[in-house]
Amino acid sequence: MRRETLPGANDAAGPEPTENGALPASGVDPAPGAKPTDAAAAVGAGLDALDTPPTGARTGRNLFRAIASPIIAMAIAIAVWQFLWSQAFWPEFQLPAPIAVWDQILKVVDSGEVWEFLWVSVHRAVIGFLVSVAVATPLGLLLAKVRVVRAAIGPLISGLQSLPSVAWVPAAVLWFGTTDAAIYTVVLLGAVPSIANGLVAGIDQIPPILPRVGKVLGAGRLDSARYILLPAALPGYLAGLKQGWAFSWRSLMAAELIATSPELGVGLGQYLHNGMSLSDMSMVLAGIILIFLVGVGIELAVFRPLERAVLRARGLNGAM
Amino acid sequence: MTATLQAIGTAVRLDGVRKTFGHGARAVTALDGIDLAVAPGEFVCLLGASGCGKTTVLNLIAGLDTPTSGEIELTTGRPAVMFQEAALMPWLTAARNVELPLRLAGVRKPARAERTRELLDLVRLGDVGNKRPHELSGGMRQRVALARALASALDGNRGKAASLLLMDEPFSALDAITRDVLQSELLRVWQATGTAVVFVTHDVREAVRLGQRVVLLSSKPGRVVQEWDVEGLTGPDELAAVDRINTRLREVISSHAA
């Protein structure tokens, strides 16, 4: 190895390190060569101003599009329905008038029964969903981080996700009878796999540089999970939660529809079942609409804003 | 120079460091006996073509990887690392990113906030502390990464030891003007903080401009070929040095053609 000192190089060692590696009290640069630095600072400030990505404001047109277009689409669907009904292609018990379904909904709202249906179903779905989250989160972490666990039960969890949870209803009824336990079993088997898979996908998609950065910044395993892995996996986890909610709601309706008994109380599923027993199509459609409204309502009220806030904070607001 | 180093101590010393990846017949030797000593507060540029194991050297010093044989002796606290990409946490604001190593080191909140403000001011980003990475330009992001690395280097070890900053081609993804500005910013910050810097680059001009010492590595396997003292070179001297080092680098690269 050769070493040479080139002409013009001064031999002085580097700048004296300040005590404890601290910055000088004033914070910024009392060092020599201030003039070129000032010029550089001006260029730098100019670049900052030029290069900063613009932050677009939401326009009124976007807002109009977001609210008005689904309303218009729904109005068209109802108009087509009304038209088909007026042409009397099908008998009344197969296709009732929109107004008959509306009256049916008004009837349960007026009698106050609707609150019972909603309470029975929604509180079950929420409890089932929360228990699923509590089970699926540690499960997802294990699947993502422990190789043996993933090899052993990863395929099983993914497979369960594509198994319609209604398939569990007969088994659950035979195990637990027509009880709440049977219903929660079906809900959990529906929701847990999708939440766990969402978390696994979220963790798998973390750019490998981030955990490395965490390590060089001094994060141990626990700190790394808390400050880096979990926040980095949040978008995937949220997507899993959203899907998990949809699966809980779906599984719950399947369970309520099939497992009906007086002890279970009347939820939306039983209401729907009653409509079928009475061959009352307007009641059936009213039930479907109520189930739809709850599912969509919770997604719009809870998951959409959460997801939007999380994605927007990361600059990932493409579709929203 | 050895005498001087002993007199003022070393921030980091590599002694016969070898690194082999893989096993048996398919093993690849990335580094073959690297000796390198960096003095506290010194600015050393590691120069080499691709495949010379520059990044491996940094990973070994940073403790992200362990050498196959040889020794690495650190007298500083945990070295801070800056990568080619800013690698900021996208869910944290600029200030929160700078604050993260302080939080991990258990610094109290008021002290954290004050230190974060100082460091952001130092990289001239005092007024964008509450912006998120995606709202900043590439150069600004890299300056936030610099402030974060400084927070980790200067406070991560609670100021007990001298500090060491490892930089892995941090400006190579930036456009020429931004790179030029950031180079002078880095020199200013280095002078203001007195941290030792090991700066990896494949750009001779950059190495000569920034470093006090330029160390040329050969490729496959990486060895130290030659080093030059380049501190304080300006004008024609600087150009001559760039020329000279470039020629040597070309020789090293050409030797691989056969």
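Letters A, B, ... are given to chains in the order of the sequence lines, protein chains preceding strands, and every chain is numbered from 1. Every value quoted in this text rests on a predicted model; they were computed, and no experiment measured them.
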> Taking non-hydrogen atoms and a cut-off under 4.5 angstrom, which of residues 196-212 of chain A neighbour chain B?
Replying inline: A/Ile209, A/Leu210, A/Arg212
> In terms of heavy-atom proximity below 4.5 Å to chain A, should B/Pro133 be classed as side chain, backbone, both, or neither?
Replying inline: neither
>> Taking 4.5 Å as the heavy-atom cut-off, does anything in residues 222-230 of chain A contact chain B, and if so which residues?
In response: A/Asp223, A/Tyr227, A/Ile228
>> Heavy-atom cut-off 4.5 Å, strictly under: side chain, backbone, both or neither for B/Leu216 against chain A?
In response: neither
>> Please classify the contact between B/Leu88 and chain A as side chain, backbone, both or neither, with a heavy-atom cut-off of under 4.5 Å.
In response: backbone
> Between B/His134 and A/Arg312, which heavy-atom pair has the shortest distance, and what is it?
Replying inline: CE1-O, 3.4 Å
>> Does atom CZ (B/Arg96) have a neighbourhood of more than 12 heavy atoms from anything else shown, all under 6.0 Å?
In response: no
>> Taking side chain as everything from C-beta outward and backbone as N, CA, C, O, which of these in B/Asp127 sits under 4.5 Å from a heavy atom of chain A? Side chain, backbone, both or neither.
In response: neither
> Quick one: what part of B/Glu85 sits under 4.5 Å from any heavy atom of chain A, side chain, backbone, both or neither?
Replying inline: side chain
>> Is there a side chain to side chain contact (heavy atoms under 4.5 Å, CB included) between A/Val216 and B/Arg78? Walk through the geometry before answering.
In response: CA-CA 8 Å; A/Val216 297; B/Arg78 187 170 23 72; over 6 Å; no
